[in-house]
J.: 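Here it is: the structure, laid out below.
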2 protein chains.
Amino acid sequence: MSFNEKQTDILLAAEKLFSTQGFDSTSVRDIATEANVNVAMINYYFGSKDGLLDSFFEWRIPDFMIDTEELSFMECSLEKIDKMIEKYIKAMNSHREIYRFIAIESSLKRRMLLSEPFSKLKIHNLSTISTIINEGIAKGVFSANNNPTLIHSMMMGTFMNFQMNQVFLQEQLGIESDDDYGIYIETTLTHFIQTTIKALLTYEISM
Amino acid sequence: MSFNEKQTDILLAAEKLFSTQGFDSTSVRDIATEANVNVAMINYYFGSKDGLLDSFFEWRIPDFMIDTEELSFMECSLEKIDKMIEKYIKAMNSHREIYRFIAIESSLKRRMLLSEPFSKLKIHNLSTISTIINEGIAKGVFSANNNPTLIHSMMMGTFMNFQMNQVFLQEQLGIESDDDYGIYIETTLTHFIQTTIKALLTYEISM
DNA sequence: GTTTAATTTAAACAAGTGTTTAAATTTGCT
DNA sequence: AGCAAATTTAAACACTTGTTTAAATTAAAC
């Protein structure tokens, strides 16, 4: 599904407001004003406010799909783990606020139907890391008894925690600007997650 | 601050609705109906809907404070880490839905003022783990170059990820009921986090 | 028992919500 | 150019929102 220019204007406006205020406290009039269009255009193009959210998910979620192309050529090793994690964090960090918004909205029971594309994304990304880890275990490169689902949860959770507690963590870590925070995520935090997972995969008495 | 019986009725009703629907999409009339009180009582006792949220934070957040009493008598060791993590997860898992709600609401920029008590909680809990880890590093029990803030983020994030993706993870892990999910968190997930942190603290080339 | 204060109620308030309508305008096509 | 379809508009719709009001009821104090 593709969107025309006016639809994209609306989606961009919605993105800005959704990610800072959440879905419920953003009105269609707010979105219309931000996008410089008439209120009725939102219903004209997306049917309803919920339809807009639906389209928003469709529109943005592909950005968070991990590209497995490059990884498929690599031999199974700790370096491959490093590379994969780097790709993961980069993909999610490129649209930080939006990822947080999607994760929050799809966690509310009321919006379970809308979270289906998000579920698809999670399955895809989980299978990417699972394949690599299971292959490494099979080849004896990584220690057994490692649960890929738990490792994946740990990685995603650590990243998400940085999204949801930005104000708190910026202060704790002495980071001045939002840009620096993004850089911190792509360097120090990425390295931390890499270290953690490698520590687990080489930890003998693991689990 | 303490609350009378009627106020507690309202808070319990709000808790139920907030945690499943979020703050914005829960109306004061919904809460009043659920609590079997007149709508005006909410404004009478809490001033406003925002005031209710404020009181809700005050009311529930103390439950998530880690009790450091027992830990203070323990010698610094990996066992102490295990014990601390167990206490952490137990405290948060005892009111899972509510912790998720608090974390989500205070992550929205609009509600930063209201999240101050939550910030206090995070500082308290972070300092608990920081103290133990730093002590261990100083004594040479744990490997240096470990950042307590990052380890704390990892632990909290992993737990939160389990709250926010319950539907997805229940399916992935083949867990049938909500109760079993809670049990999984207090056993397998707790053990995983313990293992991960111990792996990090004993990982030589760490960071 | 009377009076004062606290509680509870139903009704109304004004503002905001998502959505629809029907007319106006623009666009694309022959 | 003329016609039909698509787009855009302002206005209205019906409904919900949080909050307030003023009267009614209950509780507490003397």
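Convention: sequence-line order gives letters A, B, ...; per-chain numbering from 1.
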J.: Do B:Lys49's NZ or CZ and the ring of B:Phe23 fall within the cation-pi criteria of under 6.0 Å and 45°?
T.: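 Yes, B:Lys49 lies over the aromatic ring of B:Phe23.
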J.: I want to check one thing: is the phosphate of D:dT16, taken as OP1 and OP2, less than 4.0 Å away from some side-chain N or O of B:Ser27?
T.: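 Checking D:dT16 against B:Ser27, no side-chain N or O comes under 4.0 Å of OP1 or OP2.
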J.: Going from CE on A:Met155 to OH on A:Tyr88, what distance comes out if it is rounded to the nearest 0.5 angstrom?
T.: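 The distance works out to 4.5 Å.
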J.: Kindly point out which of D:dT19, C:dT9, D:dT8 is positioned nearest to the side chain of B:Lys49?
T.: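 Nearest to the side-chain atoms of B:Lys49, counting from C-beta on, is D:dT19.
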J.: Reckon A:Phe46 touches a base, only the sugar-phosphate, or nothing at all at heavy-atom distances under 4.0 Å?
T.: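 Nothing, no heavy atom under 4.0 Å.
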J.: Specify the separation, in whole Å, of atom CD1 of B:Ile42 and atom C1' of D:dT19.
T.: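 Result: 11 Å.
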J.: Looking at B:Asp178 and B:Arg96, is there a salt bridge between them, counting it only when a charged N and a carboxylate O are closer than 4.0 Å?
T.: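 Counted as a salt bridge, because a side-chain N and a carboxylate O are separated by less than 4.0 Å.
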J.: Side chain of A:Met41, heavy atoms from C-beta onward: which of C:dT19, D:dT19, D:dT7 has the nearest atom to it?
T.: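 For the A:Met41 side chain, the nearest candidate turns out to be D:dT7.
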J.: Decide yes or no, distance alone: a donor-acceptor N/O pair under 3.5 angstrom between the base of D:dG18 and the side-chain of B:Arg29.
T.: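 For B:Arg29, whose side chain was compared with the base of D:dG18, there is a donor-acceptor pair (under 3.5 Å).
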J.: Tell me whether the OP1 or OP2 atom of D:dT19 has a side-chain N or O from B:Tyr44 closer than 4.0 Å.
T.: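 No, because none of the side-chain N or O atoms of B:Tyr44 sits under 4.0 Å from OP1 or OP2 of D:dT19.
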J.: Do the non-hydrogen side-chain atoms of B:Thr158 and B:Met154 ever get within less than 4.5 Å of each other?
T.: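 Yes, close enough: below the 4.5 Å cut-off.
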J.: Find the distance B:Tyr45:OH to C:dT7:C1' and express it as a whole number of Å.
T.: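 Computing the B:Tyr45:OH to C:dT7:C1' distance gives 6 Å.
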J.: Round to the nearest Å and state the distance from A:Asp9 atom CG to D:dT7 atom P.
T.: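 So the two atoms are 14 Å apart, to the nearest Å.
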J.: Would one find a side-chain N or O of B:Ser48 under 4.0 angstrom from OP1 or OP2 of D:dG18?
T.: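 B:Ser48 to D:dG18 OP1/OP2: no side-chain N or O under 4.0 Å.
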J.: Would you please confirm or rule out a distance under 4.0 Å between OP1 or OP2 of D:dG18 and any side-chain N or O of B:Asn43?
T.: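 It does not, given that no N or O in the side chain of B:Asn43 lies less than 4.0 Å from OP1 or OP2 of D:dG18.
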J.: Can you tell me how far P of D:dT17 sits from CG of B:Asp24, to the nearest Å?
T.: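 The answer, rounded to whole Å, is 12 Å.
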